[in-house]
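A note on names: the letters A, B, ... follow the listed sequences, proteins ahead of strands, and every chain is numbered from 1.
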Protein chains: 2
Amino acid sequence: MLLLIVEGWAARYSTMPDGSRHISHFYLPGDICDLGWLVAPLARQTISALTPIKALAMDREVLQQGMGEDPALAHSVAVHSLHQLESQTEWMVSLGRRSAAQRLAQLLHDLYRRIEGKGRAHHGACALPLSQQHLADFTGMSAVHVCRTLRQLKDLRLIDLRRRQLTIPDLSELDAQTR
Amino acid sequence: MLLLIVEGWAARYSTMPDGSRHISHFYLPGDICDLGWLVAPLARQTISALTPIKALAMDREVLQQGMGEDPALAHSVAVHSLHQLESQTEWMVSLGRRSAAQRLAQLLHDLYRRIEGKGRAHHGACALPLSQQHLADFTGMSAVHVCRTLRQLKDLRLIDLRRRQLTIPDLSELDAQTR
DNA sequence: CGAAATATTGAGACCAATCAAAAACAGTGG
DNA sequence: CCACTGTTTTTGATTGGTCTCAATATTTCG
């Protein structure tokens, strides 16, 4: 079953043998979770809601069949996947070669841009329903180090993050931190 | 221009401001490099040959147009991209949460399986035209640490790697190391 | 054979993990 | 409104994995 998220957040993650987690994708309202299941019906990863969720369900096999018949659908799935590949590639680079502070700045920047694109940000501020543990599980850090690194970014006035509210005074300045 | 590699290896990588690199994909004979250019014509990453290369060139715009007209083509691009997404996701997890030894074991295992799939491996052995620096640039390690970690794997008789020749006595045992 | 690239080894430094405890916060029922 | 509970955040101290630097050995190749 594929879901089109209408309201709320979800995450796709792997659980390691020692119990720790790695989140590989956050799903926001408007996102479809998860097209990967079209080709890998035996999911190796878990998707679970981070907040209460409203979503529209689609039958996997219907979409699978449609992709074989409707050129426009197959085309849009292809374009969508290629874009996501580009974005994931960028994250492979970050996880491999960038510092903790850069990864955290990049994640907050990315998320803000996605939220903004959905019209849910105003005046540099938006709701961010993630705990520091969630940020850690995506960026490959410990929750403790996320806390410390977040403090650096706050002290530099690059971000403000309190009570699940993210404010970014200057988006381009935060972006500059990620390089 | 897209290339279908006939002979030789290539890599797609990013260069960081400090001059270090991160390789996000290795291209083997039979691979197409790079479909990502269909949607992101302004490449942010570089692709370069690791060995002398023989390849077939395709015009990007021809394929782009074909994808809009030929359902089968769009479909196969979609399926191919979705599979690659799954594989990249697995690498995000590794770069974020697995140890250097696990990542190295995983890379060698992955590469061996791909080479084997192309009929270029025999009796657990295959040619691997990569330097330790290349392995380091993919796994997010330093070349020095690749050397030390490779030694561990060799001492455990999980692999043998000399003169660009990789031998894996027991594939499943190596795979077990990656978890 | 000589030169360049690659691999190996050792010592020391550093970033980030872990452990542990306290403080702040959010949600619950009285 | 408050006490109670569980979760999340913050802080400090310590440990550990991996990096960097530097020197030497080995391999590759013209």
Side-chain angles (χ1 to χ4, degrees), chain A residues 9 11 16-23 48-52 93-108 127-155 159-166 177-178, chain B residues 9 11 16-23 48-52 93-108 127-155 159-166 177-178:
Chain A
W9 286 46
M16 317 307 286
D18 69 355
S20 68
R21 297 183 163 187
H22 186 89
I23 294 176
S48 95
L50 302 176
T51 68
V93 173
S94 294
L95 290 166
R97 288 279 184 237
R98 289 197 245 257
S99 70
Q102 290 175 317
R103 298 198 301 272
L104 200 49
Q106 181 179 359
L107 177 56
L108 295 175
L128 190 79
L130 302 178
S131 69
Q132 294 182 357
Q133 185 64 59
H134 291 133
L135 300 176
D137 286 346
F138 187 94
T139 53
M141 304 162 65
S142 70
V144 171
H145 198 53
V146 164
C147 177
R148 293 189 224 269
T149 307
L150 230 30
R151 173 123 312 280
Q152 292 177 24
L153 297 177
K154 287 170 184 170
D155 289 347
I159 62 160
D160 184 79
L161 179 54
R162 277 143 50 200
R163 299 141 166 274
R164 310 280 134 124
Q165 186 80 12
L166 172 66
Q177 289 293 313
T178 66
Chain B
W9 285 46
M16 317 306 286
D18 68 355
S20 68
R21 298 182 162 187
H22 186 89
I23 294 175
S48 93
L50 302 177
T51 69
V93 173
S94 294
L95 290 166
R97 287 277 184 240
R98 289 197 244 258
S99 71
Q102 289 174 317
R103 299 197 301 273
L104 201 49
Q106 182 179 359
L107 176 56
L108 295 175
L128 190 78
L130 302 178
S131 70
Q132 293 183 355
Q133 185 64 57
H134 291 132
L135 300 176
D137 286 345
F138 187 94
T139 53
M141 304 162 64
S142 69
V144 172
H145 199 54
V146 165
C147 177
R148 292 190 226 269
T149 308
L150 231 29
R151 173 123 310 282
Q152 291 177 27
L153 297 178
K154 287 170 184 170
D155 288 349
I159 62 161
D160 184 80
L161 179 55
R162 279 142 50 199
R163 301 145 164 271
R164 310 282 133 122
Q165 186 80 9
L166 171 66
Q177 288 294 311
T178 67

Between dT10(D) atom P and Q152(A) atom CD, what is the distance in whole Å? 13 Å
Using five pairs at each end of the helix from dC1(C)-dG30(D) to dG30(C)-dC1(D) to define an axis, what is the angle between those two axes, to 10°? 50°
I'd like to compare against my own output: the B/S/- annotation of nucleotides 16-24 of chain D with a strict under-4.0 Å heavy-atom distance to protein. --SSBB---
Please state how far atom NE2 in H22(A) lies from atom C1' in dA17(C), giving the value in whole angstrom units. 17 Å
Protein-nucleotides 3-5 of chain C N/O pairs under 3.5 Å:
none

Indicate yes or no for a side-chain donor-acceptor contact from T51(A) to the backbone of W9(A) under 3.5 Å, with no hydrogens or angles considered. yes
Contact letters for nucleotides 22-28 of chain C, in which S counts primed atoms plus P, OP1 and OP2 and B counts the base, heavy atoms under 4.0 Å: -------
Please give, in whole Å, the distance from dA16(C) P to L95(B) CG? 15 Å
CE-CZ distance between M16(B) and R98(A), expressed to the nearest 0.5 angstrom: 4.0 Å
Enumerate the protein-to-nucleotides 7-9 of chain D contacts in which both atoms are nitrogen or oxygen and the separation is below 3.5 Å.
unit_1: dT8(D); atom_1: O3'; unit_2: R164(A); atom_2: NH2; d: 3.1
unit_1: dT9(D); atom_1: OP1; unit_2: R164(A); atom_2: NH2; d: 3.0
unit_1: dT9(D); atom_1: OP2; unit_2: Q132(A); atom_2: N; d: 2.8

Calculate, to the nearest 0.5 Å, the distance between atoms CG and CG belonging to L130(A) and L166(A) respectively. 9.5 Å
Extract all donor-acceptor atom pairs below 3.5 Å that involve side chains of residues 141-152 of chain A and protein atoms in other chains or at least two apart in sequence.
unit_1: S142(A); atom_1: OG; unit_2: H145(A); atom_2: N; d: 3.1
unit_1: T149(A); atom_1: OG1; unit_2: H145(A); atom_2: O; d: 2.7
unit_1: R151(A); atom_1: NH1; unit_2: D155(A); atom_2: OD1; d: 3.2

Interatomic distance, L108(A) atom CG to Q177(A) atom CD [nearest 0.5 angstrom]: 12.0 Å
